[in-house]
Number of protein chains: 2
Amino acid sequence: MTTSASADIRDTRARLLDAAEAVFMACGYEGASMRQITGDAGVNLAAGHYHFGSKEALFEAVLNRRLHVLNQERLRVLDGLEAKANGAALKPSQILDAFFGTLLRMAIAHGDRGQTFLRLIGRTFTEPAEFIRTVLSEEFADVLERYKAALFRALPEVPKEEIIWRFHFMLGATSYTIAGTDTLRLVTDWQTGAADDDLECLLPRLMSFLLGGLRAPLPATASPVPQPRGNCRTRRKKP
Amino acid sequence: MTTSASADIRDTRARLLDAAEAVFMACGYEGASMRQITGDAGVNLAAGHYHFGSKEALFEAVLNRRLHVLNQERLRVLDGLEAKANGAALKPSQILDAFFGTLLRMAIAHGDRGQTFLRLIGRTFTEPAEFIRTVLSEEFADVLERYKAALFRALPEVPKEEIIWRFHFMLGATSYTIAGTDTLRLVTDWQTGAADDDLECLLPRLMSFLLGGLRAPLPATASPVPQPRGNCRTRRKKP
DNA sequence: CCAGAATTCAAACGAACGTTTTAATCATAC
DNA sequence: GTATGATTAAAACGTTCGTTTGAATTCTGG
């Protein structure tokens, strides 16, 4: 008798998205089945295809529902920072907080659902399926370009190539940690209670780690001044 | 006519392991099929089950074939370092090089196959399937315990909890990067040529990033002296 | 109230999956 | 050569998958 008035279309769609989010998170894209998703959502099997068209499209919808607002927010925050700095380069800590802090704060603000989506994002970043990588790269293109540029300006003495590498490392540390599929977690006696605590702890810990890595001394092989060409060793021919 | 003398048992098993390694890497565990693996290996479909018993067992064999020698080597290197230091704590850089450097150097030493396995490891660390996490945690239990202890001794002023967190971050940065399923890589104009160069570049870059992160200033919320109990916020009951 | 659209439902489709079975082939030792 | 055990081969097993179908149901606007 729980006020099942109308609200049909939205209800089924939303229930599907929520259930799909959880199942995709728990099983991965290939491991999740439409039957389990629709079953958990309490809707008919065919409803998934009626509302989304295919399993791929459903996954894409799950991803975009939150990724889009996340990345819009990231752009908005960066815009705000750059406007306030008017012309001056931002501090690396500001940039990292705008990128990674926005992610974690949004997840915290959404409670358990936010936690689920956080883990789904982390896991999705290592999904092998082609179309998933396409979706991700399209969704992230603008944001990454903007943040890359901001980091270049913030760290003019660091070669751009090095910054890109370290951006990779930071993305990895973050997505791996939030995915929560952690091998270390299974081995270590991990003294943790509620998940809320974890998330609220995570941000400051992660931020100081990332900042330390981003501003670490350059490795010996990379020359401190940006060389005009040349990879690590300059594209040697086979001797 | 290529000297197909004898070498039958070994041949089929080895071909299966190599093919499985590549297919699991490219498609993930769920996405890979026995038919594609045996097809690529050029052996009959049933050969997979004859030699390994099941798809799970085959995956486990693929993993253990290289993981075991890797982790034995990691233990051996750490033993050597601690013996030479006799009694004194190791430097963090030594520990990280023993753990992550050993991984990358072994991969480099094995050429293309090493690169494939490196990516498979990175990807496996985020596989959702239960039995995979079990395999990983068993295989890594000893190594992680030893390296955790070494880090505790190397950084006595850092709370153990913080070190564990940073170990997570370091594992994440590494496994994500070597998995090579990189979203950033799809977006960024990634000026890279041969994969060999990448791998040889990666170690010094990764090491300085990890070291910078590991030795970063402690976050504000974590008190610098290790508190007797208490998580980030000390296990509050719901108010 | 009723036409017409939107949505749900039960049932089935064909394909692909991991696995098993049974027979054929091969190597090896007597 | 022939028996024996190990390996390979071809075919099929039952299950599950994503997807489709067509009728039943519910909502919507006149």
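The chains referred to below are lettered A, B, ... by the order of the sequence lines, with proteins before strands, and numbering in each begins at 1. Just so you know, these numbers use all the heavy atoms, side chains as well, and skip hydrogens, waters and symmetry mates. Everything numeric in this text was worked out from a predicted model, so none of it was measured.
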**Request:** Take atom CG of L58(B) and atom P of dC17(C), then tell me their distance rounded to the nearest Å.
**Result:** 15 Å
**Request:** Considering just the side-chain nitrogens and oxygens of T12(A), establish if one lies under 4.0 Å of OP1 or OP2 belonging to dT8(C).
**Result:** yes
**Prompt:** Reckon A46(A) touches a base, only the sugar-phosphate, or nothing at all at heavy-atom distances under 4.0 Å?
**Reply:** base
**Asked** Where is the tightest heavy-atom contact between N71(A) and E139(A), given as atom of each residue plus distance?
**Response** ND2-O, 3.3 Å
**Prompt:** Does NZ or CZ of K55(B) lie under 6.0 Å from the centre of the six-membered ring of Y29(B), at an angle within 45° of the ring axis?
**Reply:** yes
**Item:** Gap between atoms CE and C1', on M34(B) and dA9(D) respectively (whole Å)
**Value:** 15 Å
**Nearest-Å distance for atom pair CZ/P, residues R35(B) and dT20(C)** = 13 Å
**Request:** Determine whether F117(B) and L103(B) make a side-chain contact, defined as any pair of heavy atoms from C-beta on separated by less than 4.5 Å.
**Result:** no
**Asked** Name the one of R123(A), R119(A), R65(A) that satisfies salt bridge (charged side-chain N to carboxylate O under 4.0 Å, His left out) with E21(A)?
**Response** R65(A)
**Message:** Rounded to whole Å, how long is the line connecting atom CD of E30(B) with atom P of dA16(C)?
**Reply:** 18 Å
**Message:** For a quick check of understanding: with a heavy-atom distance under 4.0 Å over all strands, which category does A57(B) fall into, base, sugar-phosphate or nothing?
**Reply:** nothing
**Message:** Using whole Å, what does the distance between atom P of nucleotide dG18(C) and atom CD1 of I37(B) come to?
**Reply:** 8 Å
**Complete:** To the nearest angstrom, the CD-P distance between Q36(B) and dA15(C) comes to 19 Å
**Request:** Please determine, for the side chain of N44(B), which listed nucleotide (dA10(D), dT8(C), dT19(C)) has the closest atom?
**Result:** dA10(D)
**Request:** Whole angstrom is fine here: how far is it from CG in L45(B) over to P in dA12(D)?
**Result:** 14 Å
**Request:** May I ask you to evaluate whether H49(A) reaches the phosphate of dT21(D), defined as a side-chain N or O under 4.0 Å from OP1 or OP2?
**Result:** no
**Prompt:** Rounded to the Å, how far apart are F59(B) CZ and dT19(C) P?
**Reply:** 14 Å
**Non-hydrogen atoms of M106(A) and H110(A) that approach each other most closely** = O-ND1, 2.8 Å
**Message:** Taking 4.0 Å as the cut-off, does a side-chain nitrogen or oxygen of S33(B) come that near to OP1 or OP2 on dC17(C)?
**Reply:** yes
**Prompt:** H51(A) side chain N/O closer than 4.0 Å to the phosphate oxygens (OP1, OP2) of dT8(C)?
**Reply:** yes
